[in-house]
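Remember, predicted model here, so these are calculated numbers, not experimental data.
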Amino acid sequence: MFDILLIPWLGKPLWMWLAFFSLVGSLLVFDLGVLNRKDHAIEIRESLYMSAFYIALGLFFGLWVWWYLGSEPGINYLTGFALEKALAMDNVFIIALVFRYFAVPRLYQHRVLFWGIMGVIVLRALMIGFGIAAIAHFSWVLYAFALFLIATGLKTLFFAEQVNDIGRNPVLHLMRRRFNVTDRHHGRHFFVKLPHPETGRPTWFMTPLFLALVLIEGADILFAVDSVPAIFAITTDPFIVYTSNIFAILGLRALYFTLAAMIHRFHYLKYALALVLIFIGSKIFVAEALDIGKIPPAISLGVTLSILTAGVLWSLWKTGRRGHQGDELSV
């Protein structure tokens, strides 16, 4: 009976996938059903504990991958985890802008982020599955991903200071034009039944809370366009690609409440992320030119961590100096 668990699925035994999904499912149920069964504003202290827990869990999973699958898969997982975690931090900037635009009360922000994570788990699976199928059938796709990463990194370097205007988002305009939308919040509800202004009949309306959820999901799709090719440039192992993505994103809710109050302190991190994308994309072509197959995973991990660490330290130093001078930074 247990032989079915040993059947290979996407390159790994079925039991490994089932164990991973069981772990993620248990975490989500515990989060929503126990820790956050009642809506409450998550304070920084609670957020720090939750962030530390999810980061530690992701790292321990990486150590297990290293022990069970070998050093190369382990290093690839840790590289992907660090990269995806950094890109997830960049996503925090957009989430903060969305919550600020819709004036989402702190009491309900966790609810929006929780269901946003649920959508991310499904969307990333679809995008990664599409990427794996494309690479398997067309070898040039990996080079296309690499070129895209380089172009994205260069674009970020030159347009990093561009401010996102949530009010001009085309998806938001479309939803307000095509659907019934209420301008005020109705507690924790995504939808609410109200009298139609023309007919007076009870009609379902979308609330600003649901619009915030839609824009956050849309932002993740845009970020996935960068992050999925980035992880494929590190490894094409479906198990490593998906697990590193999900473990990095699982702690995004907790990380948001930690970083939201001090986003300006990481103002220059986006430049480090741009350099990492350029490095990840270009190393495929460098390895081809040097005829070495691929850049050793340990070097990829070391360079990635070095750039990200430098970006964080430079941000803290520069924003700290400006803070002492009384200047305000905008994101």
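When each of Leu157, Leu273, Thr152 is tested with Ile278 by the rule side chain to side chain contact (heavy atoms under 4.5 Å, CB included), just one qualifies, namely Leu157.
Asn76 and Ile240 get closest at one heavy-atom pair: C-CG2, 4.0 Å. Of all heavy-atom pairs spanning Phe190 and Trp115, the tightest one is CE1-CD1, 3.8 Å. Nearest heavy atoms, Ala230 versus Leu149: CA-CD1, 3.5 Å.
The NZ atom of Lys85 lies 10.5 Å from the CZ atom of Phe247; values are rounded to the nearest 0.5 Å. Rounded to the nearest 0.5 angstrom, Phe279 CZ and Leu83 CG are separated by 10.5 Å. Of the inter-residue distances, the one linking Ile94 atom CD1 with Leu97 atom CG reads 5.5 Å to the nearest 0.5 angstrom. If you take CG on Leu213 and CE on Met118, they are separated by 11.5 Å, rounding to the nearest 0.5 Å. Note that CD1 of Ile234 and CD1 of Ile284 are 9.5 Å apart. Values are rounded to the nearest 0.5 Å.
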Extract all donor-acceptor atom pairs below 3.5 Å that involve side chains of residues 59-74 and protein atoms in other chains or at least two apart in sequence.
unit_1 : atom_1 : unit_2 : atom_2 : d
Glu72  : OE2    : Lys294 : NZ     : 2.3

Taking only distance into account, with no hydrogens and no angle test, what donor-acceptor pairs under 3.5 Å do side-chain atoms of residues 302-309 form with protein atoms, sequence neighbours excluded?
unit_1 : atom_1 : unit_2 : atom_2 : d
Thr304 : OG1    : Ser300 : O      : 2.7
Ser306 : OG     : Gly302 : O      : 2.7
Thr309 : OG1    : Leu305 : O      : 2.7

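Both Leu18 and Ile128 are part of a single hydrophobic cluster, where members link through side-chain heavy atoms under 4.5 Å apart. Residues Leu250 and Ile55 share a hydrophobic cluster, clusters being chains of Ile/Leu/Val/Met/Phe/Trp/Tyr side chains in contact below 4.5 Å. Note on Phe210 and Leu123: separate hydrophobic clusters, where clusters join Ile, Leu, Val, Met, Phe, Trp and Tyr whose side-chain heavy atoms are under 4.5 Å apart, directly or indirectly.
The salt bridge (Lys or Arg N to Asp or Glu O under 4.0 Å) contacts involving residues 241-251 comprise nothing, where partners must be two or more places apart or lie in separate chains. Identified under the salt bridge (Lys or Arg N to Asp or Glu O under 4.0 Å) test for residues 276-285, with sequence neighbours left out: none. Among pairs with a residue in residues 201-224, those fulfilling side-chain hydrogen bond (donor to acceptor under 3.5 Å, both in side chains) read Arg124-Asp220, at least two apart in sequence or across chains.
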Given the rule in the side-chain contact (heavy atoms from CB on, under 4.5 Å) test, do Glu84 and Ile246 qualify, once you have shown the distances and angles that lead to the verdict?
CA-CA 9 Å; Glu84 295 298 330; Ile246 299 306; over 6 Å; no

Show your reasoning for whether side-chain contact (heavy atoms from CB on, under 4.5 Å) applies to Phe145 and Val228.
CA-CA 9 Å; Phe145 282 167; Val228 171; 5.7 Å; no

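Within 6.0 Å of OH on Tyr49 lie no more than 12 heavy atoms contributed by other residues, nucleotides or ligands. Environment of OH in Tyr143: sparse, with no more than 12 heavy atoms of neighbouring residues, nucleotides or ligands closer than 6.0 Å. Within a 6.0 Å radius of CZ in Phe130, no more than 12 heavy atoms belonging to other residues, nucleotides or ligands are found. For Arg184, the CZ atom counts as loosely surrounded, since its 6.0 Å shell holds 12 or fewer non-hydrogen atoms of other residues, nucleotides or ligands.
With sequence neighbours excluded, no residue satisfies side-chain hydrogen bond (donor to acceptor under 3.5 Å, both in side chains) with Tyr242. In this structure, the side-chain contact (heavy atoms from CB on, under 4.5 Å) partners of Val286, at least two apart in sequence or on a different chain, are Leu290, Ile295. Under the rule for a side-chain hydrogen bond (donor to acceptor under 3.5 Å, both in side chains), the partners of Lys12 that lie at least two apart in sequence or sit in another chain are Asp237. Take Tyr101 and apply the ring pair (Phe, Tyr, Trp, His ring centres under 6.0 Å) test, not counting sequence neighbours, and it matches no residue. Under the ring pair (Phe, Tyr, Trp, His ring centres under 6.0 Å) criterion, Phe138 pairs with Trp140, not counting sequence neighbours. With sequence neighbours left out, the side-chain contact (heavy atoms from CB on, under 4.5 Å) criterion links Pro296 to Ile299.
Side-chain contacts under 4.5 Å among hydrophobic residues (ILVMFWY), followed directly or transitively, place Phe205 together with Val192, Leu194.
No side-chain heavy atom of Asp183 sits less than 4.5 Å from a side-chain heavy atom of Pro208.
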